[in-house]
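What follows is a short report on a single structure.
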Protein chains: 2
Amino acid sequence: MADLPRVTIHDVAIVAGVAVSSVSRVFSNHPSVSPSMRLRVEAAVKKIGYQPDLVAQSLRTGTTRTVGLMVRDFSNFFYGEMTKAMVSSMSEAGYNLLIMNSPGDAEGDSKMIEMFAQKRVDALFLATASDKSEVIRKSINAFKNPVVLLDRDFSHLVAGRVFADHATGLQSATKDLIALGHRNIALVTGTAGIRPTRERCKGFNDAFKESKIKNGVAAPITGIPSTSNARAKTKELMNLPKSKRPTAMITGGVDVTIGVLECLSEMELTPGQDLSLVAGDDLPWLRVLRPRISTVSRDYQLFGLTAADLMLSLLSGEKPKTITLPTRYEARDTSRPV
Amino acid sequence: MADLPRVTIHDVAIVAGVAVSSVSRVFSNHPSVSPSMRLRVEAAVKKIGYQPDLVAQSLRTGTTRTVGLMVRDFSNFFYGEMTKAMVSSMSEAGYNLLIMNSPGDAEGDSKMIEMFAQKRVDALFLATASDKSEVIRKSINAFKNPVVLLDRDFSHLVAGRVFADHATGLQSATKDLIALGHRNIALVTGTAGIRPTRERCKGFNDAFKESKIKNGVAAPITGIPSTSNARAKTKELMNLPKSKRPTAMITGGVDVTIGVLECLSEMELTPGQDLSLVAGDDLPWLRVLRPRISTVSRDYQLFGLTAADLMLSLLSGEKPKTITLPTRYEARDTSRPV
DNA sequence: TTGAAAGCGTTACCAC
DNA sequence: GTGGTAACGCTTTCAA
């Protein structure tokens with residue numbers, strides 16, 4: 001436990017018999033350093049095992065080579081895949097990721113962002129709990145380094161944005177179900193406070209408008225944040241009198257999908273038979289389920305990769321832009337005629 | 001983009017008309033600071049919107065209140081749940097998590113650990129690619145702050161350890177299958193370079209030894225790291241002539257489970273009917289699968305929580321210890337007589 | 001209780 | 001090309 005004193009650039013200077021500034025130059029590949037100097041310094045470094053202190057470097061240079069990442073739920077498969085891709089890309093470029101859980105409320109998110117600022121991160125990846133909150137918007141605005149929003153759409157905010165085109169996928173799915181004769185379709189999804197939900201609702205509603213059917217029941221059910229919530233809501237829907245019960249369901253988000261499936265399986269209802277079902281997000285294990293569930297899918301890792309690329313471009317001084325990634329509706333065994 | 005100069009403790013001192021040291025004392029709740037001083041400083045802080053610079057603090061105090069976390073795969077459900085729990089617990093205690101992907105090889109892991117050291121993290125959570133590598137052992141040893149190993153068991157290393165008792169769960173599962181008449185059971189799992197695999201093999205082999213059956217084929221198949229590998233290996237096994245084909249399979253790890261299920265479903269083989277199957281790790285969606293797959297389950301979030309608690313105890317100066325968390329075999333529809 | 005000043009380990013400017 | 005030195009923003013003695 002004896003805290004042996006740290007080996008500093010000073011020690012290297014002494015051992016090599018040169019000035020600290022020269023040692024520093026060697027490390028930063030400064031143009032004007034003689035070969036002999038480089039050799040002496042490198043020998044000394046090897047001899048005493050010096051490693052630069054990144055904290056001191058940060059204080060001096062004002063850059064930490066650390067980027068903050070805040071999401072709501074790391075155990076969510078989408079965020080897991082995304083994080084994995086981001087960590088790889090960013091670390092290749094010499095950046096580390098500092099992670100925080102979004103507390104789930106605006107005040108909390110705001111505090112987190114300020115925390116990141118105090119840690120002096122060079123940039124921020126953000127999937128905030130809401131993208132309509134003025135408090136959050138303010139703290140993002142106060143943060144003077146690059147920001148990339150992950151499927152969040154604050155207005156009047158200079159930031160990079162990566163979007164998934166949920167609307168188009170959802171619209172295709174809904175149109176297909178309508179074409180199959182469904183009139184009462186339930187879209188069960190998360191809070192309207194964030195973009196993905198709003199986009200899903202939009203695609204859903206647009207499909208109904210477009211097809212001009214009468215008696216269509218297109219009431220998106222939002223505010224279902226968790227697996228257990230989704231399970232309960234599904235039960236409620238399935239227990240409705242037959243005339244009011246939806247003949248098809250569309251889920252929004254991975255948690256909701258699991259909850260809906262859990263409920264159906266509890267109630268011994270078979271999707272594709274007792275009702276039609278479209279999962280609003282793809283999951284690897286959906287492939288082993290029988291019947292095969294229709295999905296609106298997209299590439300999660302690509303999302304992370306794209307966000308990282310965008311971030312690196314911002315970090316190198318380019319202008320923020322918005323990139324929208326496609327989603328694709330895949331009809332499988334559970335898109336059936338009424 | 002005009003980088004307005006940072007508001008420092010110095011500015012506060014000037015505005016409040018006091019010394020910087022006094023401002024510092026107010027912030028660190030030093031006992032000897034008069035109420036009037038506190039008021040003046042707080043007013044000044046509010047007036048100019050000062051927020052302490054954590055990097056400068058770190059350099060001065062030698063502590064970053066940042067803990068490193070290295071795992072192989074954030075998209076793995078287990079690590080996701082674990083990470084989530086850790087981030088919560090640690091951040092409650094005022095610590096942030098800096099994350100890195102394990103490159104998957106010893107040299108890479110070693111470099112990452114040195115990187116963490118340069119970033120001066122206060123401690124390290126580690127799920128290394130191997131726990132038999134001397135290179136990795138050395139870099140962990142060179143790291144002078146607390147370390148908690150996540151289901152990794154380096155010998156001769158002072159570190160906290162959190163283990164899952166895979167052996168017991170696997171042993172129960174294997175015994176059950178043997179009792180059901182299975183003699184040729186395939187355990188398909190990851191690399192033997194890490195503890196979970198070794199423990200699973202141990203439990204598996206112990207069950208065979210203990211039951212003293214003759215002609216038992218107990219050859220664990222290790223070195224299957226990914227979903228696609230598992231799928232290929234399963235295909236190979238299922239295509240074996242009937243006399244050599246296993247009548248039961250046990251998977252080790254979440255990726256393997258998915259791969260095996262994918263293959264079975266491709267080959268139109270039904271677990272519980274065409275062969276018995278035990279998933280060596282639980283997953284939330286296993287509950288919606290029919291037939292219901294037998295599993296060896298454990299509490300993932302508890303794992304993260306326990307690791308965080310252990311870490312905090314180390315951080316407060318307590319001695320490292322090893323905590324082993326239970327696993328539980330749950331026979332469901334896919335543990336069937338031969 | 002308060003203030004002055006040293007120093008944490010770097011980098012970058014300025015002489016030489 | 002190299003060396004000295006002043007910061008970076010903070011905490012922590014040490015005096016007063």
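First the proteins, then the strands, lettered A, B, ... as listed; each starts at 1.
To the nearest angstrom, P of dC8(C) lies 9 Å from NE2 of His10(A). Atom CD1 of Ile14(A) and atom P of dG4(D) are 12 Å apart (whole Å). Taking atom CZ of Arg60(B) as the reference point, atom P of dC10(D) lies 13 Å away to the nearest angstrom. Going from atom NE2 of His30(B) over to atom P of dC10(D) covers 18 Å, rounded to whole Å. For Gln51(A) and dG9(C), the CD to P distance is 15 Å, given to the nearest whole Å. In this structure, Ile9(B) atom CD1 and dT2(C) atom P are separated by 15 Å, rounded to whole Å. Rounded to a whole Å, the CD atom of Gln57(A) is 9 Å from the P atom of dA12(C). When rounded to the nearest whole Å, the span between CG of Asp11(B) and C1' of dC10(D) equals 13 Å.
The listed nucleotides are dG9(D), dT2(D), dT11(C); the one nearest the side chain of Leu59(B) is dG9(D). For Met37(B), the listed nucleotide lying nearest its side chain is dG3(C); candidates were dT2(D), dT11(D), dG3(C). Proximity note for Pro52(B) (side chain, C-beta onward) versus dT12(D), dC10(D), dT2(C): the nearest is dC10(D). In this structure, of dT11(D), dT2(D), dT2(C), it is dT2(C) that holds the atom nearest to the side chain of Ser34(B). Of the listed nucleotides (dC10(D), dG4(D), dG3(C)), dG4(D) has the atom at the smallest distance from the side chain of Ala19(A).
Side-chain atoms of Ser36(A) and Ser34(A) form a donor-acceptor pair, as typed in the model, at a separation below 3.5 Å. Donor-acceptor pairing under 3.5 Å is lacking for the side chains of Thr66(A) and Asn96(A).
Applying the 4.0 Å criterion to OP1 and OP2 of dT11(D), one finds that Ser24(B) has a side-chain N or O inside that range. Contact annotation: Ser22(A) reaches the phosphate of dG3(D) (side-chain N/O to OP1 or OP2, under 4.0 Å).
Contacts of Thr8(B) with the nucleic acid, taken as non-hydrogen atoms under 4.0 Å apart, involve only primed sugar atoms and P, OP1 or OP2. Thr61(B) comes within 4.0 angstrom of sugar-phosphate atoms only, judged by non-hydrogen atoms across all strands, and of no base. As judged by a 4.0 angstrom heavy-atom cut-off over every strand, Phe27(A) is placed among residues making no nucleic acid contact. Counting any heavy atom pair closer than 4.0 Å across all strands shown, Val55(B) reaches no nucleic acid atom.
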Could you walk me through whether Ile9(B) and Ser24(B) pass the side chain to side chain contact (heavy atoms under 4.5 Å, CB included) test, one step at a time?
-> CA-CA 8 Å; Ile9(B) 198 173; Ser24(B) 176; 3.9 Å; yes

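Among Leu325(A), Leu305(A), Asp151(A), the single residue meeting the side chain to side chain contact (heavy atoms under 4.5 Å, CB included) criterion with Val162(A) is Leu325(A). Among the candidates Val87(B), Leu150(B), Val121(B), the single residue satisfying the side chain to side chain contact (heavy atoms under 4.5 Å, CB included) test with Leu69(B) is Leu150(B). Of the residues listed (Lys138(B), Arg137(B), Lys132(B)), the one engaging Glu134(B) in a side-chain hydrogen bond (donor to acceptor under 3.5 Å, both in side chains) is Arg137(B), and it is the only one.
Judged by distance alone, with hydrogens and angles left aside, Ser21(A) brings a side-chain donor or acceptor within reach of the base of dG3(D), the pair sitting under 3.5 Å. On a pure distance criterion of 3.5 Å, a polar donor-acceptor pair joins the side chain of Arg25(B) and the base of dG3(C).
Positionally, the nearest nucleotide of DNA chain C for Val18(B) lies more toward the 5' end than for the other of Val18(B) and Val7(A).
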